[in-house]
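Written out below as structure tokens is the structure these notes cover.
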Amino acid sequence: MIANYHTHTIRCRHASGSEREYIETAISRGVKLLGFSDHSPQLFPAGYYSNYRMFPEETGNYFETIRSLADEYRSDITILAGLEAEYFPELFDSLIEFLTPYSPDYLILGQHYIDNEYDTRRYSGNPNSDESALKRYVDQTLEALGTGKFSCFAHPDLINYTKSSSVWEREMRRLCEGAKRLGVPLEINLLGLSEDRHYPRADFWRIAKETGNEVILGCDAHQPERVAVPGELEKAKAFVDALGLEPLETLELIPPCK
Ligand SMILES: [Zn+2]
Ligand SMILES: [Zn+2]
């Protein structure tokens, strides 16, 4: 693995280890580019606090820590400071404005909540048989990609619709075609693969193959030892080979705040 763009830090409150440990692991496994993409802060309405992401006031420390390590390690590895962000339509413009002083290197889209997190709190990965939620997930993520702010779409198959397979397939085809039209690569999530979660699901990636989407592997590392794990990469290779997919080695990054 040459590059991994999906790496968390302790600030999201469900990851562990220091940034330095993630970097040292990446170097020891031959990774040449490590992008941090912790769960983005969000400017929620007063009274709601997410325990799933850094607080806005931690953002400065996040970028300073990563950029100082990037400088320290620059002869060994390229280190980038990005974020995994949700697309909550009513908060997105203010998020971009808030992030502008930090000029993140990139954003990846991780849509963990349908609609939003602070109000309806519908986790995308919960099994559901509601066709309108499935459609909403696709509409919302395509609107996100349409902003031109995202360099990649993490675990696009997180949505866990369990009812009609023809409805699911129609909507996933719409998602893949939209991502292709907008030129945004889709991430095969190695965390899900290694833990046998409901994603990545082969039938989704078969559609992506038929649609001709660009794909990339992402570790989604929440512990330092989960960066470029040899066994996970072997499993990923078997997964993509079986589908005839050829993942990109690197992403073309879009700075979201220009
Ligand atoms: Zn996470
Ligand atoms: Zn993640």
Side-chain angles (χ1 to χ4, degrees), residues 1 3-19 21-23 25-26 31 33-42 44 49-56 58-59 62-63 65-66 79-88 95 99 104-114 116-118 121-126 137 140-141 144-145 149-160 179 184-201 204 215-229 232-233 236 247 251 253 256:
M1 176 173 247
N4 171 52
Y5 299 89
H6 197 161
T7 315
H8 292 277
T9 78
I10 49 167
R11 291 170 196 77
C12 69
R13 297 166 173 79
H14 59 276
S16 58
S18 67
E19 291 82 358
E21 291 173 297
Y22 285 87
I23 294 167
T25 306
V31 174
L33 184 155
L34 182 70
F36 284 93
S37 52
D38 206 1
H39 295 282
S40 171
Q42 288 285 347
F44 288 116
Y49 297 92
S50 174
N51 58 6
Y52 180 80
R53 55 187 68 259
M54 69 182 83
F55 294 138
E58 293 174 293
T59 312
Y62 173 73
F63 284 99
T65 304
I66 293 168
I79 302 292
L80 298 177
L83 290 164
E84 177 178 17
E86 313 267 343
Y87 180 70
F88 301 140
L95 175 64
L99 293 175
D105 294 313
Y106 64 96
L107 298 181
I108 61 177
L109 175 66
Q111 194 68 43
H112 301 87
Y113 293 93
I114 300 168
N116 65 54
E117 178 181 343
Y118 55 90
R121 279 192 77 82
R122 281 195 292 180
Y123 175 57
S124 310
N126 282 344
Y137 176 84
Q140 193 169 350
T141 56
L145 302 186
K149 302 292 189 190
F150 292 96
S151 300
C152 174
F153 183 179
H155 42 63
D157 45 350
L158 176 65
I159 186 72
N160 197 359
V184 182
L186 305 177
E187 180 216 66
I188 299 174
N189 190 270
L190 299 190
L191 174 60
L193 188 68
S194 69
E195 296 189 347
D196 294 316
R197 295 185 179 178
H198 69 278
Y199 61 93
R201 46 186 290 183
F204 174 85
V215 305
I216 187 149
L217 305 179
C219 294
D220 202 355
H222 288 75
Q223 292 87 34
E225 64 273 18
R226 300 301 289 272
V227 177
V229 181
E232 287 182 21
L233 294 173
L251 290 174
L253 297 177

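Counting starts at 1 for both ligands and their atoms, in listed order. As the structure is a prediction and not an experimental result, all values here were calculated from the model.
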Would H39 count as a contact for the Zn ion (ligand 1), in the sense that one of its N, O or S atoms lies under 2.8 Å from it? yes
When you measure from the Zn ion (ligand 1) to the N, O or S atoms of H14, does any of those distances fall below 2.8 Å? yes
Can you tell whether the side chains of R53 and E84 come within less than 4.0 Å, N to carboxylate O? no
Give me the one residue out of R13, H14, H112 that meets side-chain hydrogen bond (donor to acceptor under 3.5 Å, both in side chains) with H39. H14
Side-chain donor-acceptor pair present, Q111, H155, cut-off under 3.5 Å: no
Among N, O or S atoms, E84 approaches the Zn ion (ligand 2) most closely through OE1
What N, O or S atom of D220 is found closest to the Zn ion (ligand 2)? OD1
Closest non-hydrogen atom pair between E86 and L109, with its separation: C-CD1, 4.3 Å
Would you indicate whether Y52, at its atom OH, is surrounded by more than 12 heavy atoms from other residues, nucleotides or ligands within a distance under 6.0 Å? yes
Contact flag H8/the Zn ion (ligand 2), N/O/S atoms, threshold under 2.8 Å: yes
